[in-house]
Amino acid sequence: SSGVSMAGAAILSGLAAFRAGTGLLTIAAPESSILAFQSAVPEALTISLGSVNANDSVKQISSYIQNRKVKSVLIGNGLGTGNTQKAILEYVLESKEIERLVLDADALNILSEDKKLRLKLKNCGKDMILTPHIGEASRILNLEPSEIKQEKINVAKELEKTTGGIVVLKDAVSIISTPDNEIWVNTTGSPVLAKGGSGDVLAGLIAGLFTSGYDALSSAIIGCYLLGKAAEIYEQRFSSESAFAREIISILPEAWKFDV
């Protein structure tokens with residue numbers, strides 16, 4: 001996160017990751033955001049990035065990842081897109097310790113502006129999942145959102161080829177593209193998910209599954225299914241208009257009861 005005003009995205013992701021099975025979670029954020037995270041996600045550990053200096057921030061995160069033997073990272077939710085954030089993303093791509101990586105939101109926006117970083121992403125050798133919505137996909141591929149909407153399967157394939165990771169192209173019907181040229185289509189869901197924060201919940205869900213023993217493809221498939229099923233349960237119980245993204249998180253335990 002790049003400040004309290006953007007902390008909500010990371011909070012939603014963190015809560016969803018716990019719901020998906022993550023046992024231990026650390027949130028790295030600026031000093032000004034730490035209290036927000038400790039209040040909203042008290043189960044999580046926090047790293048305070050006390051300096052705006054990019055090198056110092058990278059050193060703090062690097063030291064923590066090495067000391068704690070962190071293997072899995074979700075990056076992008078509430079991150080912002082400045083030089084410090086770019087340096088952190090570059091470190092995450094280069095780190096030998098990190099094996100599993102989920103990229104969402106501002107991580108994707110940073111990549112869309114930097115061809116060299118996209119090449120580094122493709123060649124980093126990590127087990128990766130990218131979760132762009134239509135707008136983020138359009139920026140990475142330099143296409144109009146209307147073009148993406150019309151050709152979602154081809155766009156998902158192109159994103160997978162461009163990035164080297166499993167791609168979850170988020171929309172009312174989400175498309176998952178794999179390096180083995182498989183396409184999966186998720187049809188669970190509801191207008192409940194047309195609310196700010198739903199994408200952050202999905203990224204957290206997928207990352208949580210990924211860290212708790214599922215492979216990358218299973219994490220993407222089950223994460224999309226669970227979010228959609230929770231939204232369907234909410235709509236049946238209440239309405240499609242009144243939901244908050246955080247309420248979908250609270251229904252996830254019920255969604256887990258369905259066969260996935």
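Numbering of residues begins at 1 and proceeds along the displayed sequence.
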- prompt: What's the verdict on side chain to side chain donor-acceptor pair (under 3.5 Å) for S174 and D171, showing C-alpha distance, side-chain angles and the deciding distance?
  reply: CA-CA 5 Å; S174 293; D171 199 25; over 6 Å; no
- prompt: Between N186 and T188, does any side-chain donor sit less than 3.5 Å from a side-chain acceptor?
  reply: yes
task: Starting from the C-alpha separation in whole Å, work towards a yes-or-no answer on side chain to side chain contact (heavy atoms under 4.5 Å, CB included) for S72 and I98.
output: CA-CA 6 Å; S72 305; I98 297 167; over 6 Å; no
message: So does G80 get a backbone contact from the side chain of D106, meaning a donor-acceptor N/O pair under 3.5 Å?
response: yes
- prompt: If you measure from CE on M128 to CZ on F210, what distance do you get to the nearest 0.5 Å?
  reply: 9.5 Å
query: Between K170 and D104, is there a salt bridge with N-O shorter than 4.0 Å?
result: yes
- request: Please report the closest heavy-atom contact between G78 and A9, naming both atoms and the distance.
  value: N-CB, 3.6 Å
field: Same cluster (ILVMFWY, side-chain, under 4.5 Å), I65 and L45
entry: yes
- request: Check the surroundings of atom NZ in K59: do more than 12 heavy atoms from other residues, nucleotides or ligands lie under 6.0 Å from it?
  value: no
- prompt: Taking the side chain as C-beta and beyond, is there a heavy-atom pair between V168 and L130 under 4.5 Å?
  reply: no
Side chain to side chain donor-acceptor pair (under 3.5 Å) assessment of S63 paired with N67: CA-CA 6 Å; S63 175; N67 291 338; 3.3 Å; yes
query: So with a 6.0 Å cut-off around CG of N123, is the heavy-atom count from everything else above 12?
result: yes
field: Neighbour count above 12 (heavy atom, 6.0 Å) for K126 NZ
entry: yes
- prompt: Taking Q85 for the side chain and L79 for the main chain, is one N or O donor matched with an acceptor at less than 3.5 Å?
  reply: yes
message: Any donor-acceptor pair under 3.5 Å linking the side-chain atoms of S57 with those of N53?
response: no
Enclosure of F18 CZ (heavy-atom neighbours >12, cutoff 6.0 Å): yes
- request: With the side chain counted from C-beta on, respond yes when S177 and I166 share a heavy-atom pair under 4.5 Å apart, and no when they do not.
  value: no
query: With a 4.5 Å limit on heavy-atom distance, are the side chains of T26 and T46 in contact?
result: no
message: I need the minimum non-hydrogen distance between L49 and Q60, along with the two atoms involved.
response: CA-OE1, 3.7 Å
- prompt: Side-chain heavy atoms under 4.5 angstrom apart, residues restricted to Ile, Leu, Val, Met, Phe, Trp, Tyr: same cluster for Y64 and L101?
  reply: yes
message: Would the distance check show the side chain of E94 and the main-chain N or O of Y91 forming a donor-acceptor pair, the cut-off being under 3.5 Å?
response: no
task: Please test V167 against I176 for side chain to side chain contact (heavy atoms under 4.5 Å, CB included), starting from the C-alpha separation and ending with a verdict.
output: CA-CA 6 Å; V167 170; I176 301 167; over 6 Å; no
message: Can you confirm whether the side chains of S212 and T22 place a donor and an acceptor under 3.5 Å from each other?
response: no
- prompt: Do V73 and L24 belong together in a cluster built from hydrophobic side chains that touch within less than 4.5 Å?
  reply: yes
- prompt: Is the closest side-chain heavy-atom distance between K69 and E97 below 4.5 Å?
  reply: no
- prompt: Does the cation-pi check pass for R237 over Y234, that is, NZ or CZ under 6.0 Å from the six-membered ring centre and within 45° of its axis?
  reply: no
query: Has the side chain of K157 got a donor or acceptor atom that lies under 3.5 Å from a matching backbone atom of T178?
result: no
task: First locate atom CD1 of I140, then atom CZ of R118, and finally report the distance between them rounded to the nearest 0.5 Å.
output: 8.0 Å
Distance, nearest 0.5 Å, that separates CD1 of I34 from OG of S48: 4.5 Å
query: Going by atom types alone, do S112 and R139 pair a side-chain donor with an acceptor below 3.5 Å?
result: no
- request: Could you pull out the closest heavy-atom pair between K152 and I175, with the gap in Å?
  value: CB-CG1, 4.0 Å
- prompt: How many angstroms lie between atom OG1 of T211 and atom CG of L74, to the nearest 0.5 angstrom?
  reply: 10.0 Å
task: Check whether any side-chain N or O of K229 sits under 3.5 Å from a backbone N or O of G189 as a donor-acceptor pair, and report yes or no.
output: no
- prompt: Crowded around R246 CZ? As in, over 12 foreign heavy atoms under 6.0 Å?
  reply: no
field: K86 side chain reached by T84 side chain, heavy atoms, under 4.5 Å
entry: no
- line: Looking only at heavy atoms, the pair that brings L209 and G223 closest together is CD1-N, 3.4 Å
- prompt: Looking only at heavy atoms, which two atoms of V102 and A203 are closest? And how far apart?
  reply: CG1-O, 4.3 Å
- prompt: Nearest 0.5 Å, what's the CG-CG distance between L103 and L89?
  reply: 6.5 Å
- prompt: Does the side chain of N109 come within less than 4.5 Å of E136's, by heavy atoms?
  reply: yes
query: Taking only residues two or more places apart in sequence, or in another chain, which ones meet E90 in a salt bridge (charged side-chain N to carboxylate O under 4.0 Å, His left out)?
result: K120
message: When you measure from the side chain of S13 to the backbone of D200, do you find a donor-acceptor pair of N or O atoms at a distance under 3.5 Å?
response: yes
query: Counting N and O atoms only, with roles assigned by atom type, does the side chain of T163 sit under 3.5 Å from a partner on the main chain of L159, one being a donor and the other an acceptor?
result: yes
message: With clusters defined by side-chain heavy atoms of hydrophobic residues (ILVMFWY) lying less than 4.5 Å apart, directly or transitively, does L141 cluster with L121?
response: yes
query: Looking only at atom types and distance, does a side-chain atom of S198 sit under 3.5 Å from a main-chain N or O of K195, one as donor and one as acceptor?
result: yes
- prompt: Any chance the side chains of S190 and E232 put a donor and an acceptor closer than 3.5 Å?
  reply: no
query: S62 and Q66: side chain to side chain contact (heavy atoms under 4.5 Å, CB included), yes or no, with the steps?
result: CA-CA 6 Å; S62 171; Q66 290 177 30; 3.0 Å; yes
- prompt: Short question: side chain of S218, backbone of Y214 - any donor-acceptor pair under 3.5 Å?
  reply: no
- request: With rounding to the nearest 0.5 Å, note down the distance linking NZ in K116 to CG in L111.
  value: 15.0 Å
Transitive ILVMFWY side-chain link V201 to F244, under 4.5 Å: no
field: Heavy-atom neighbours of N83 CG exceed 12 at 6.0 Å
entry: no
- prompt: Can you name the closest pair of heavy atoms from A137 and P132 and give their distance?
  reply: N-CB, 4.0 Å
Distance-only side-chain donor-acceptor flag, W184 / E182, under 3.5 Å: yes
message: For E144 and S146, which I'm curious about, is there any donor-acceptor pair between the side chains at under 3.5 Å?
response: no
